[in-house]
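Here the structure is laid out as structure tokens; the discussion comes afterwards.
What you see is a predicted model; the values in this text were computed from it and never measured. Every heavy atom of this structure was used, including side-chain atoms; hydrogens, water molecules and symmetry mates were not. Residues take their numbers from the sequence shown, with the count starting at 1.
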Amino acid sequence: QLVESGGGLVQPEGSLRLSCAASGFTWDYYVIGWFRQAPGKEREGVSCISSSDETTYYADSVKGRFTISEDNATNTVYLQMNNLKPEDTAVYYCAADPGLWRLCVPPLYDYWGQGTQVTVSS
């Protein structure tokens, strides 16, 4: 089970940190990702990380602003989001799949959290 937290309402240029906690399994040999879906748009990959070799991916739209990290001690993956923009508004989902690195696209991930809303607005 994956449980996201940390979403909310923030002003433009503000920051939020999303958390994804795993229960029932550990992150060993998993690829974990953050995805988002805005109203009327398809779900897209924001950032992914491989627990085995720390490979990371960032969508061009968030490079330099978002940072993905993992804490193996607490079995939690974080997404630090800085300099948030209104276009970052979406439901953010954590997803994971066992195995080696793969593309950060939704169909390649089998396990999903329930999502957390992020709204960037003044």
Side-chain angles (χ1 to χ4, degrees):
Q1 182 181 5
L2 302 177
V3 179
E4 304 101 331
S5 61
L9 173 64
V10 63
Q11 292 186 343
E13 300 182 9
S15 297
L16 283 174
R17 188 177 77 159
L18 305 182
S19 300
C20 174
S23 62
F25 66 98
T26 62
W27 289 129
D28 295 339
Y29 205 58
Y30 270 79
V31 181
I32 308 102
W34 286 98
F35 301 82
R36 67 186 180 186
Q37 188 166 18
K41 294 188 176 182
E42 292 187 354
R43 194 170 297 187
E44 63 175 353
V46 176
S47 182
C48 291
I49 185 169
S50 168
S51 65
S52 59
D53 64 7
E54 302 296 315
T55 300
T56 57
Y57 161 86
Y58 294 94
D60 287 344
S61 59
V62 306
K63 281 180 181 177
R65 301 188 298 122
F66 292 9
T67 303
I68 192 169
S69 62
E70 60 177 329
D71 183 342
N72 290 328
T74 61
N75 226 27
T76 304
V77 170
Y78 300 98
L79 185 68
Q80 177 67 43
M81 306 186 295
N82 298 329
N83 190 22
L84 282 160
K85 304 176 180 181
E87 52 264 41
D88 294 318
T89 295
V91 177
Y92 283 71
Y93 299 89
C94 174
D97 209 70
L100 296 173
W101 176 256
R102 82 284 309 278
L103 293 176
C104 196
V105 293
L108 299 183
Y109 295 76
D110 283 340
Y111 303 99
W112 290 81
Q114 81 287 353
T116 185
Q117 176 70 47
V118 171
T119 302
V120 184
S121 175
S122 55

Expected list for residues 115-122: side-chain donor-acceptor pairs under 3.5 angstrom, two or more places apart:
{"unit_1": "Thr116", "atom_1": "OG1", "unit_2": "Gly7", "atom_2": "N", "d": "3.3"}
{"unit_1": "Gln117", "atom_1": "NE2", "unit_2": "Ala90", "atom_2": "O", "d": "3.4"}
{"unit_1": "Gln117", "atom_1": "NE2", "unit_2": "Thr119", "atom_2": "OG1", "d": "3.3"}

Using the test side-chain hydrogen bond (donor to acceptor under 3.5 Å, both in side chains), find all partners of [X] that sit at least two apart in sequence or belong to another chain.
X: Ser5; answer: none
X: Tyr92; answer: Arg36
X: Glu13; answer: none
X: Thr56; answer: none

Single-linkage hydrophobic cluster, 4.5 Å side-chain cutoff, [X] and [Y] together:
X: Tyr93; Y: Ile68; result: no
X: Leu2; Y: Val91; result: no
X: Val62; Y: Val10; result: yes

Taking every non-hydrogen atom, the tightest pair across Cys104 and Ser47: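 Heavy atoms only, the tightest pair is SG-C, 3.7 Å.
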
Least distance between heavy atoms, Tyr30 atom then Ile32 atom: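 Shortest heavy-atom contact: O-CD1, 3.9 Å.
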
If a pair satisfies salt bridge (Lys or Arg N to Asp or Glu O under 4.0 Å) and one of its residues is in [range], list it, with sequence neighbours excluded.
range: residues 93-104; value: Asp97-Arg102
range: residues 51-69; value: Asp60-Lys63, Arg65-Asp88
range: residues 113-122; value: none

Contact list for residues 103-122, test ring-ring contact (aromatic ring centres under 6.0 Å, His included), sequence neighbours left out: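 Those involving residues 103-122 are Phe35-Tyr109, Phe35-Trp112.
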
Donor-acceptor contact present, side-chain Ser51 to main-chain Val31, <3.5 Å: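 No, Ser51 side chain to Val31 backbone: no donor-acceptor pair under 3.5 Å.
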
Backbone of Gln114 reached by a side-chain donor or acceptor of Glu4 within 3.5 Å: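 Yes: the side chain of Glu4 pairs with the backbone of Gln114.
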
Distance-only criterion, 3.5 Å: show the donor-acceptor pairs between side-chain atoms of residues 15-23 and protein atoms not counting sequence neighbours.
{"unit_1": "Ser15", "atom_1": "OG", "unit_2": "Asn82", "atom_2": "OD1", "d": "2.9"}

Between OG on residue Ser52 and CH2 on residue Trp101, distance to nearest 0.5 Å: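 Those atoms lie 10.0 Å apart.
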
Flag side-chain contact, heavy atom, 4.5 Å: Trp34 against Cys94: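 Counting from C-beta outward, Trp34 and Cys94 do come under 4.5 Å.
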
Side chain to side chain, Tyr57 and Thr55, heavy atoms closer than 4.5 Å: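 Side chain of Tyr57 against side chain of Thr55, heavy atoms only: no contact under 4.5 Å found.
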
Set of residues satisfying ring-ring contact (aromatic ring centres under 6.0 Å, His included) with respect to Tyr58, sequence neighbours excluded: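 Partners of Tyr58 under the ring-ring contact (aromatic ring centres under 6.0 Å, His included) test: none.
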
Neighbour count above 12 (heavy atom, 6.0 Å) for Glu87 CD: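 Atom CD in Glu87 is packed in, count exceeds 12.
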
Which residues share a side-chain contact (heavy atoms from CB on, under 4.5 Å) with Leu100, sequence neighbours left out: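 Checked Leu100 against side-chain contact (heavy atoms from CB on, under 4.5 Å); matches are Tyr29.
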
